[in-house]
Amino acid sequence: MRVKFCYRELILYPPLRQIDIVAVRRQNLGARKLDRPARGPKESVEMKAIVVHEFGPPEVMKMEEIPAPKAGAGEVVVRIRAAGVNPFDTYMRNGTYAIKPPLPYIPGGDGAGVVETVGEGVTKLKPGDRVYLGHPITGTYAEFTLARESDVQPLPERLSFAQGAGVYVACSTAYHALHHHAKARASETLLVHGASGAVGIAAVQIARAIGLTVIGTAGTDNGLELVLREGAHHAFNHRTTGYQDAILKATDGRGVDVVIEMLANVNLGADLKLLAQYGRVVVIGSRGDSTITPRDIMARRSSVTGFTLWSISDADAADVKAGLAAGLENGTVRPVVSKELPLGEAVRAHKEIMEPGALGKIVLLP
Ligand code: NAP
């Protein structure tokens, strides 16, 4: 059976500056219908896309042929050459994430490719430009995606499309955590707790470039090797007993100034004991509750902060864009791609992103 699609329903990442589900739904309802006239040279183009009709396990994702989006005013259609696979894609697909998109939807929060068409008023981009993007209006697990001009950035020649698909979510998160939340300084020591994944590698690269002493953790020998290769001064295995003691020892018992934490439900309590005076933990990822000893915070005058990238302020987002543009240009920011899978293997990608043994970014190739 052929399902008729309407982009009013397929809009996935409504311009989500804040997680406000009611506003998101209102925005979606206001979004354009597929048949509304829009600018773009190609009429009635069909595309392959991964579509989710009901929340559930990876198998709810199905490859379908649906009409490609068209660019309205201020919007850009990008031909996706690689789509980033992020852990939150799986939470969203499960229906357990803070953002629950109206069904059906196309998954995928970032990607890279080539500008196909631009809508009225778009001035900074033109068809043929190599770009990376995030926060799209329609998901990136597709041959084409629709995004606002401001969410589409140039992709330097030195980066492949697969690397480009690893920029928006992972690198923005690392940059935002280090600069805006931790306010990290060159003389400080950083622990990237979970450094072998996409966000962790970006945090290691950026922190090392700024001048921090960087300690990273991974759960496999290959992961440890990768973390050291990408710039960490020390690497420890978070699956071995007593590794926290080794981290403290590496700081001569002083503790670390900043922790960028990928799995707070497991590590937050221990992180607080690893901090130096005035240390800061920035919670990036958590998959459950955590028990802490509040006196650890008091004794060190430390703090715990956290964020979701989707609620970043416009000012911080502009700062991140500028910082990443410089980092991509000068080679500081170099996304590491662990696996390139065909778009049709989205189910496998969602299973593998949740398995241990991360070595960078998993991407889907339409
Ligand atoms: P990823 O590529 O799958 O990496 C996951 C990382 O967590 C790997 O380095 C993994 O190491 C590590 N890890 C696994 N068990 C750990 C443990 N017990 N202690 C410390 N680290 C452990 O995922 P990602 O894209 O980097 O994202 C990392 C986390 O941040 C995810 O939970 C994601 O949902 C979250 N995130 C949040 C935001 C935000 O806006 N707050 C944005 C992006 C991502 P091994 O596999 O080597 O064991």
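Atoms within a ligand are numbered from 1 in the order they appear, just like the ligands themselves.
- For the pair Ala198 and ligand 1, the shortest N or O to N or O distance falls below 3.5 Å.
- Annotation: Arg280, atom CZ; neighbour count of heavy atoms from other residues, nucleotides and ligands within 6.0 Å is above 12.
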Check: Does the pair Asp271 and His193 meet the rule for a side chain to side chain donor-acceptor pair (under 3.5 Å), with working shown?
Finding: CA-CA 9 Å; Asp271 287 343; His193 216 161; 2.9 Å; yes
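- Atom CD in Glu261 sits 8.5 Å away from atom OG in Ser286 (nearest 0.5 Å).
- At under 3.5 Å, a nitrogen or oxygen of Asn267, whether backbone or side chain, sits near a nitrogen or oxygen of ligand 1.
- Classified by interplanar angle (parallel below 30°, tilted 30° to 60°, perpendicular above 60°), the ring pair Phe55/Tyr105 is tilted.
- Counting heavy atoms closer than 4.0 Å to ligand 1, residue Met354 contributes nothing at all.
- Closest protein heavy atom to atom 9 (O) of ligand 1: Ser196 OG, 2.8 Å.
- Between Ala358 and ligand 1, at least one N/O pair is under 3.5 Å apart.
- Protein heavy atom closest to atom 4 (O) of ligand 1, with residue, atom name and distance, is Gly197 CA, 3.3 Å.
- Ion pairing between Glu65 and Lys48 holds under the 4.0 Å rule for side-chain N and carboxylate O.
- At least one N or O atom of His238, backbone or side chain, sits closer than 3.5 Å to an N or O atom of ligand 1.
- Among all protein heavy atoms, the one lying closest to atom 23 (O) of ligand 1 is Pro87 CG, 3.4 Å.
- Considering backbone and side-chain atoms together, Phe307 places an N or O closer than 3.5 Å to an N or O of ligand 1.
- Contact annotation: for Ala195 versus ligand 1, heavy atoms closer than 4.0 Å belong to the backbone alone.
- Both the backbone and the side chain of Val199 come within contact range of ligand 1, each with a heavy atom under 4.0 Å.
- Among all protein heavy atoms, the one lying closest to atom 35 (C) of ligand 1 is Ile284 O, 3.7 Å.
- The ligand atoms of ligand 1 that sit less than 4.0 angstrom from a heavy atom of Gly194 are 9 (O), 12 (C), 20 (C), 21 (N).
- Protein heavy atom closest to atom 34 (O) of ligand 1, with residue, atom name and distance, is Tyr91 OH, 2.8 Å.
- In summary, the aromatic rings of His350 and Tyr91 are positioned with their centroids too far apart to meet the 6.0 Å limit.
- When only non-hydrogen protein atoms are considered, atom 28 (C) of ligand 1 lies nearest to Met262 SD, 3.8 Å.
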Tell me which donor-acceptor pairs under 3.5 Å the side chains of residues 199-221 have, and how far apart each pair is, sequence neighbours excluded?
from   : atom 1 : to     : atom 2 : distance (Å)
Gln205 : OE1    : Arg334 : N      : 3.0
Gln205 : NE2    : Glu230 : OE1    : 2.7
Gln205 : NE2    : Arg334 : O      : 2.9
Arg208 : NH1    : Gly231 : O      : 2.8
Arg208 : NH1    : His233 : NE2    : 3.4
Thr217 : OG1    : Gly194 : N      : 2.9
Thr217 : OG1    : His238 : ND1    : 2.9
Thr220 : OG1    : Gly223 : N      : 2.9

